[in-house]
Every structure is written in C-alpha cells, then in structure tokens.
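Numbers restart at 1 for each chain; the letters A, B, ... are given by sequence-line order, proteins then strands.
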Amino acid sequence: MVDFINLEDVPFSLEKTLECGQTFSWNKIKEEDTEKYYTVRSGGVLKVWQDGDKLFYTNQGDEVDPIDVLRLDDKLDDIYESMNKDRFIERTIAANYGLRIVRDDFFPCLISYITSSQMQIPRIKRIQKDIRINYGASLDFDREYYQFPSPESLAEVPENELRDLNAGYRAGYIKRTSEMIRDGVVDPGEIRRLNYEEAKDKLMILPGVGEKVADCVLLFSLDFLESFPIDTWIRKIVKKEYNGKYSKNYSELSENMRNYFGKYAGYAQEYLFHYGRTCMDPDSP
DNA sequence: CTCCAGGGAGCCT
DNA sequence: AGGCTCCATGGA
C-alpha cells in the first residue's frame, strides 16, 4: 500500500539527502520510470520516492517511519537561521536546499564508517551491500531484501572472509568492534545519554574508530547534530574558505567549527561537504 | 606504471 | 601531545 507525506512547508530534497554521501544504508532503484530509494532496517523495509511536495512511501513494519529515518521533523528553516553565519555557507544552503541529515541505524553506520578509511564512497557502499547479502537475514517484501547482520552474527564471521569482501586491513577492526558491541562494552543507548565529548571518547574505545569515524557515527546515527566530522574534503574547503579558523589539529579545527556554526554544526558540515564535492574545485587557489 | 581514496594504529621523539 | 609510516585494494 502506497502512502504519502505532505511536504508543504517542509523543505526536503530526497535526492540531495541520500546522494550527498552521508549514508551507505540506502540504495537507489528505478521502477516504472521513477527513481526510488529503499533502506532495510532492523524493523523492516522502507521504500520512498518524491514528487514535488509529496513524499510517497511503502514500508514493511510501521517502525520504519520515513519521518524518523529522514529526520523530517527537524525544523530546517530554524537550523538554517542558526548556522547561516556568512555568505559562503549561505551559498551552500541555496545550492543544497532541503538536504537533511539522516538518522541511520547505529551498527551498520558504525561498521560502514570504520570501512571508509582510505576508501572511495562507491566501494564503501558496495562492501556494506556485500555484508548484508552474505550475512544478513532476508526479508520478503515486494522482493527479497537483506538486513544488516547483528553484532552477534558479524562477530562470528572469520576475518579472512571479511578480507575477501575487499574490506582490506579494516577486516580486523570490523570483527573486533562487532565483538565489543555484542559484549555491551559500548552501547548506543548509553552513548545517547552522554554529552558530546563523553560520547565521542566512548566510541573511540572501539578499534578502527578515531575522531573522524566517531564524529560521523555521532552525527548520522546518534542525533549529535553539533558533531563536525573532518575528512580530506572538508579540510581543503575549510582551509580555503575559513582560513582564519583553520588548524592542522583535528580537535582544534573541529572545535573551532562547532564554536562558529553552533549547535547545528553537523548540518553546516554536510552542506560544505556536498557543495565542495559538487560545485567547486577545492585544490584551486 | 604511479598515485590516491570520507583514517587509524603503533611507534617514535 | 605531535609527527611519521604502514596498512589492502580498486580506480584514475
């Protein structure tokens, strides 16, 4: 059954939100000449497509709510007002109007960002998909879909099998992190109750999780909208456009940007990131 | 062929 | 604390 959400007065671009590189948990398919996206969660399958101010969706299991996973209840105009500190960020807002931060499931988000180090985005996505197909439970919806495996399941996978999925040297990180999540050493529910600094320190206990991966997981799955992840792209863009606030040191640079953009710095980060990748050459002077 | 990719760990000072 | 090197592997 197809339902829809009325997006009048709700700024939203499905395409920008899911194509900007923040999530590896969504896939695009074409059905009857329409570009659609689907995600498979612990709660079931959700398929969505947008036509102007209508967001159509079908899902299996009411717990996979598009309003929740696409953060449609974020007050985007208020967020823009809060983070709109200068002409450059204003330009990125104009170029990416309607882009929202996603709310992904914690475990697949964590494993994907551990995988992401020294890798290109299409390959990260491919590895998550291969993990799902090889080790995830299947769900029967309009066809067969695959959930991301539980920490319990993934912890049992031999390291060399993960290497065979082209995870490379990250295979050991994936296995050991899965074991620690399984054993409750790090618990996403507990992390949500901590403040930003404590939550980040806790995540960084996990092997393969440094500052950048921790910031991504906090932002894209644990609702820490002030988190400002710094990758090679952001580093170039900030150095070029915000030179006075630039620092080689990750912690210092990240703190500078959080102080500057405020409590929605994570939104600012994603707008800068996507603008930098699509609208400018960060290497040019 | 060489170089680099949404970094992090381990070692060094 | 801060700096350096290596880590697999695909794609340009």
Short side-chain N/O contact to [N] OP1/OP2 from [X], under 4.0 Å:
X: R163(A); N: dA8(C); answer: yes
X: R126(A); N: dG11(C); answer: yes
X: N249(A); N: dG2(C); answer: yes

In whole angstroms, how far is the [atom2] atom of [N] from the [atom1] atom of [X]?
X: R277(A); N: dA5(B); atom1: CZ; atom2: P; answer: 12 Å
X: K248(A); N: dC4(C); atom1: NZ; atom2: C1'; answer: 13 Å
X: L272(A); N: dG6(B); atom1: CG; atom2: P; answer: 17 Å
X: E211(A); N: dG6(B); atom1: CD; atom2: C1'; answer: 15 Å
X: R170(A); N: dA5(B); atom1: CZ; atom2: P; answer: 13 Å
X: R235(A); N: dG7(B); atom1: CZ; atom2: P; answer: 10 Å
X: E270(A); N: dG6(B); atom1: CD; atom2: C1'; answer: 10 Å
X: K125(A); N: dG11(C); atom1: NZ; atom2: P; answer: 16 Å

base_contact_polar (dA5(B) base, Q120(A) side chain, donor-acceptor, <3.5 Å): no
dA12(C) pairs with, by Watson-Crick or G-U criteria that keep both distances under 3.5 Å: dT2(B)
Opposite nucleotide pairing with dC4(C), Watson-Crick or G-U, both atom distances under 3.5 Å: dG10(B)
Pair Y242(A) and Y260(A), ring centroids less than 6.0 Å apart: yes
Ring center gap for Y196(A) and F228(A) short of 6.0 angstrom: no
Proximal nucleotide (of [options]) relative to the [X] side chain:
X: Q269(A); options: dA9(B), dG7(B), dG6(B); result: dG6(B)
X: Y169(A); options: dG7(B), dG6(B), dG10(C); result: dG7(B)
X: N166(A); options: dG8(B), dG6(B), dT9(C); result: dT9(C)
X: Q118(A); options: dC7(C), dG6(B), dA9(B); result: dC7(C)

Under 3.5 Å donor-acceptor, R277(A) side chain and H274(A) backbone: no
Backbone N/O of W233(A) and side chain of D231(A): donor-acceptor pair under 3.5 Å: yes
Toward the 5' end of DNA chain B, by each residue's nearest nucleotide, I205(A) or T23(A): T23(A)
First of P122(A) and G208(A) reached from the 5' end of DNA chain B, by closest nucleotide: P122(A)
Please state the [atom1] separation for the pair [N] and [M] - nearest whole angstrom.
N: dG6(B); M: dG3(C); atom1: C1'; result: 22 Å
N: dT2(B); M: dC6(C); atom1: P; result: 16 Å
N: dA8(C); M: dC11(B); atom1: P; result: 15 Å

Give one of base, sugar-phosphate or nothing for [X], where a contact means two heavy atoms less than 4.0 Å apart.
X: F273(A); result: base
X: L206(A); result: sugar-phosphate
X: G21(A); result: base

E197(A) with R258(A): basic N within carboxylate O range, under 4.0 Å: yes
Heavy-atom neighbours of K16(A) NZ exceed 12 at 6.0 Å: yes
dG6(B) pyrimidine/purine six-ring stacking with W233(A), under 5.5 Å and 30°: no
Close side-chain approach of R103(A) to S221(A), heavy-atom, < 4.5 Å: no
